[in-house]
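Below is one structure, written out as C-alpha cells; comments come after it.
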Amino acid sequence: QVQLVESGGGLVQPGGSLRLSCVGSGFTSKYYAIAWFRQAPGKEREGVSLISNGDGTTRYADSVKGRFTISKDNGKNTVYLQMNSLKPEDTAVYYCAAGTGEVLSLRENLYGSWGQGTQVTVSA
C-alpha cells in the first residue's frame with residue numbers, strides 16, 4: 001500500500017557529500033515514520049536515520065550523527081538524507097523504509113515497506 005523509490009546515490013570522494021531522496025506513493029498517510037537503512041557487502045543491514053510522519057522527530061545512528069541530516073517535504077511526499085563528510089565505511093546500498101508502528105526506532109522489524117535501494121560508494 002506504500003511504495004518507495006530511492007535515488008541520488010553515486011560515487012563520491014571521502015569528505016564529499018551526497019543527498020538521497022525517497023519518494024513515496026500510495027497510502028502514505030498510514031505510516032508513522034520513514035527511515036533510511038544501509039547494507040554493505042558481507043554486513044548486516046543497519047539503521048541510519050528516521051523521521052516521523054507527524055512532527056518530524058528525527059533519530060540517527062551514532063556512526064552518522066553530526067554528518068547526516070534527514071528531512072522531509074510533505075507536499076512532495078519525499079524524505080531526504082543529506083550526507084556530508086562521507087567516509088569509505090559509508091559505502092553501502094541505502095534503502096528507504098516506511099513503518100506503521102507508533103514507535104520511533106531503527107529496529108528493522110518495525111518497517112514493512114521498502115524501496116529498491118540506491119548505491120553509495122565513497123572512494124578516493
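Looking at T78, its side chain does come within 3.5 Å of a backbone N or O of K76 through a donor-acceptor pair. Checked by atom type and distance alone, the side chain of E6 pairs as donor or acceptor with a backbone atom of G117 at under 3.5 Å. No side-chain donor-acceptor contact under 3.5 Å links S49 to the backbone of Y60. No donor-acceptor pair closer than 3.5 Å links the side chain of R38 to the backbone N or O of A92. Judged by distance alone, with hydrogens and angles left aside, the side-chain atoms of T118 form a donor-acceptor pair with the main-chain N or O of G9 at under 3.5 Å. With hydrogens and angles ignored, the 3.5 Å screen pairs no side-chain donor or acceptor of Q13 with any backbone N or O of A124. Distance alone, capped at 3.5 Å, is enough to place a donor-acceptor pair between the T91 side chain and the V122 backbone. No side-chain donor-acceptor contact under 3.5 Å links K30 to the backbone of T100.
Separation of atoms CG (L18) and CG (D90) is listed at 10.0 Å; rounding is to 0.5 Å. Taken from OG in S7 to CZ in R19, the straight-line distance is 9.0 Å, to the nearest 0.5 Å. With values rounded to the nearest 0.5 angstrom, L81 atom CG is found 9.5 Å from C96 atom SG. Between S113 atom OG and Y31 atom OH the span is 11.5 Å, to the nearest 0.5 Å. The structure places CG of L104 at 10.5 Å from CD1 of I51, a figure rounded to the nearest 0.5 Å. Expressed to the nearest 0.5 Å, how far CD of Q116 lies from CG of L4 amounts to 9.0 Å.
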Can you check side-chain contact (heavy atoms from CB on, under 4.5 Å) on Y94 and L20, steps first, answer last? CA-CA 9 Å; Y94 283 70; L20 307 183; 3.6 Å; yes
Taking it one step at a time, do W36 and F68 satisfy ring-ring contact (aromatic ring centres under 6.0 Å, His included)? CA-CA 11 Å; W36 288 96; F68 291 10; 9.9 Å; no
Does the pair L110 and V103 meet the rule for a side-chain contact (heavy atoms from CB on, under 4.5 Å), with working shown? CA-CA 8 Å; L110 296 174; V103 57; 3.5 Å; yes
Would you please test R67 and K87 for side-chain contact (heavy atoms from CB on, under 4.5 Å) and show each step? CA-CA 10 Å; R67 300 187 297 122; K87 305 174 181 179; 3.8 Å; yes
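The aromatic rings of F37 and W114 sit tilted relative to each other, their planes meeting at an angle between 30° and 60°.
Follow the hydrophobic side-chain contacts under 4.5 Å out from V93 and you reach Y111 in the same cluster. No chain of hydrophobic side-chain contacts below 4.5 Å, direct or via other Ile, Leu, Val, Met, Phe, Trp or Tyr residues, connects M83 to Y80. Put simply, V12 and V64 are part of the same group of oily side chains (I, L, V, M, F, W, Y) that touch within less than 4.5 Å, one to the next. By the criterion of side-chain heavy atoms lying less than 4.5 angstrom apart, applied directly or through intervening Ile, Leu, Val, Met, Phe, Trp or Tyr residues, I34 is not grouped with Y95; the two fall into different hydrophobic clusters.
The two atoms that bring L106 and G47 nearest to each other are CD1-C, 3.9 Å, heavy atoms only. Considering every non-hydrogen atom in both S17 and Q82, the closest pair reads CB-NE2, 3.9 Å.
Side-chain contact between S123 and P88 is absent, with no heavy atoms from C-beta onward closer than 4.5 Å.
Contact check on D62 versus K65 returns a salt bridge, with a Lys/Arg side-chain nitrogen under 4.0 Å from an Asp/Glu carboxylate oxygen.
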